[in-house]
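What follows is a short report on a single structure.
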Amino acid sequence: MLKPLADRVVIKMCEVEETTKSGIILAGNAQEKPQIAEVIEVGPGEEVEGKTIKMLVKKGDKVIASKYAGTEIKYEGQDLIIVKQSDILAIVE
Amino acid sequence: MLKPLADRVVIKMCEVEETTKSGIILAGNAQEKPQIAEVIEVGPGEEVEGKTIKMLVKKGDKVIASKYAGTEIKYEGQDLIIVKQSDILAIVE
Amino acid sequence: MLKPLADRVVIKMCEVEETTKSGIILAGNAQEKPQIAEVIEVGPGEEVEGKTIKMLVKKGDKVIASKYAGTEIKYEGQDLIIVKQSDILAIVE
Amino acid sequence: MLKPLADRVVIKMCEVEETTKSGIILAGNAQEKPQIAEVIEVGPGEEVEGKTIKMLVKKGDKVIASKYAGTEIKYEGQDLIIVKQSDILAIVE
Amino acid sequence: MLKPLADRVVIKMCEVEETTKSGIILAGNAQEKPQIAEVIEVGPGEEVEGKTIKMLVKKGDKVIASKYAGTEIKYEGQDLIIVKQSDILAIVE
Amino acid sequence: MLKPLADRVVIKMCEVEETTKSGIILAGNAQEKPQIAEVIEVGPGEEVEGKTIKMLVKKGDKVIASKYAGTEIKYEGQDLIIVKQSDILAIVE
Amino acid sequence: MLKPLADRVVIKMCEVEETTKSGIILAGNAQEKPQIAEVIEVGPGEEVEGKTIKMLVKKGDKVIASKYAGTEIKYEGQDLIIVKQSDILAIVE
């Protein structure tokens with residue numbers, strides 16, 4: 001299990017199944033895909049370099065993160081990204 | 001629904017219908033278009049990295065944002081931009 | 001009407017009529033033109049990212065601003081610039 | 001023995017034996033290797049340049065650190081990396 | 001009249017008349033000219049972006065300023081420079 | 001004698017005699033040499049630009065410093081380096 | 001007389017007479033010359049941009065300053081350098 005430190009959050013990009021009603025998978029335009037990720041693990045926040053950080057996201061949230069932010073890792077066969085919470089822009093409800 | 005985190009604001013550029021009185025759509029000069037956006041969602045502000053941020057804009061406000069600021073996203077068929085409130089320069093009333 | 005946020009100020013470069021006494025308009029050297037702007041609107045200042053900013057300029061002031069500072073906008077047919085007050089160097093009286 | 005100063009942590013990249021069940025060592029794709037390191041020594045934290053830093057990792061922890069962070073050293077025949085704790089992204093449990 | 005804002009100071013480079021005793025003007029080596037300026041106007045200091053700045057120079061002082069610092073302006077036929085007080089290195093007495 | 005100011009430390013790289021048991025000096029691979037230095041003098045720490053710095057190293061300590069950090073000086077025939085304490089990564093005991 | 005502002009210090013590089021015992025002046029290797037300067041004038045320190053700076057050097061001290069730091073000036077026929085005290089690394093006693 002991954003336990004992010006401080007104000008870090010482990011996220012996983014959501015796969016977008018671009019299938020038409022008739023079942024054909026389309027090679028969609030990458031730039032038109034929603035950039036939605038799922039929160040996998042959340043750090044404890046608290047005192048981070050002298051500032052108090054309150055964690056605003058929780059496990060299971062769907063979020064939009066800054067493009068290119070964070071560190072990509074491969075963990076137990078999954079492609080994950082570890083970002084700082086400040087790189088998460090919005091929660092999708 | 002998109003819930004921006006911290007001091008972030010979701011905006012949508014206003015479309016400018018450049019139509020003459022006779023109904024002809026003109027390919028206007030992009031640099032002469034007003035750079036006005038509508039506020040779609042507003043984050044809660046509050047404690048943002050140790051600083052207290054008071055949100056100054058509200059849903060429905062027409063605003064002028066810094067060019068190139070923020071992250072463009074495609075959400076439910078809409079082209080939106082998520083900016084920090086500090087990238088919003090003025091409210092248009 | 002434009003309502004600048006926080007410590008921002010809307011200014012408009014003053015036009016310099018370079019006309020000799022005999023009425024001839026001269027194509028003056030741009031670098032010799034005074035760089036004077038008029039203050040059109042002033043933000044409220046107050047708490048700006050955790051710092052208290054006191055606004056020092058008022059509507060109608062003639063000011064000298066840093067070259068290249070701010071964001072140029074076109075609003076109701078006017079060429080305006082939105083700058084932070086810290087980009088205003090001096091008031092001309 | 002190495003005693004890291006302040007909020008520094010000495011880590012050692014874990015070797016990944018890429019051996020198939022039949023015992024053949026594979027020249028794996030470097031980008032697919034887990035980026036896991038073991039914590040060898042931990043600094044005391046405390047007052048670091050005017051900020052109080054609480055150490056969150058301990059000797060023996062398996063961690064994921066930012067790629068390229070820190071200073072590589074060779075010490076007693078071992079390839080070690082000295083990183084700041086803020087370059088450690090997550091603990092692997 | 002120019003009223004510099006905050007911790008700004010209006011200075012004017014002193015002209016150096018490089019004339020020999022026999023009255024011949026020499027094309028001196030620019031790098032050997034003293035870099036002395038006269039203080040023309042001084043801002044009020046006080047609260048500048050959350051810090052209290054005490055003004056240390058006064059009108060008429062001869063000062064040495066950082067090369068290339070500040071904004072050159074042409075005002076009422078004079079070549080002036082508006083610098084922050086922190087760009088003034090020393091007073092010449 | 002050199003008295004470093006504030007949080008500075010004077011160090012001297014340790015010479016590594018790469019001699020085999022049979023007495024032959026080897027032209028070792030520079031990158032494999034331990035990067036160990038000896039602390040020659042230590043500044044008083046205390047108030048350094050508004051922050052309180054506690055000195056953690058003492059004269060005679062063997063330390064590992066960041067590569068390329070500091071200013072190389074030649075003093076009384078010795079090649080020394082003046083670094084900030086924050087450029088010292090670990091003490092070797 | 002030069003009165004440095006705030007935490008600034010006026011220094012003068014010491015000339016190194018590289019003369020052999022037999023009186024021959026050698027064109028020494030610049031990189032081997034000691035980089036020692038004499039303190040000519042010291043600013044008052046005190047409140048410098050919101051931080052309290054205590055001056056640690058005094059007129060007449062021999063010091064080692066960061067290479068390339070500060071502003072070179074020519075004043076009354078002397079080649080001087082105005083540095084911030086934080087660019088002075090050590091006092092030579």
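Note that the structure is a prediction, hence the values are computed from the model and not measured. Per chain, numbering begins at 1; letters A, B, ... match sequence-line order.
With values rounded to the nearest 0.5 angstrom, B:I88 atom CD1 is found 9.0 Å from C:R8 atom CZ. How far CD of B:Q85 is from CG of C:L5: 6.5 Å, rounded to the nearest 0.5 Å. Separating the NZ atom in B:K67 from the CD atom in C:E72 is a distance of 6.5 Å, to the nearest 0.5 Å. Atoms CD1 and CD1, on B:I36 and C:I73 in that order, are 8.0 Å from each other to the nearest 0.5 Å. Separation of atoms CD1 (B:I64) and NZ (C:K3) is listed at 13.5 Å; rounding is to 0.5 Å.
A pairwise comparison of heavy atoms in C:L2 and B:A90 identifies CD2-CB, 4.2 Å as the closest pair.
Between chain C and the residues B:V57, B:V63, B:I91, the largest count of heavy-atom pairs under 4.5 Å involves B:I91.
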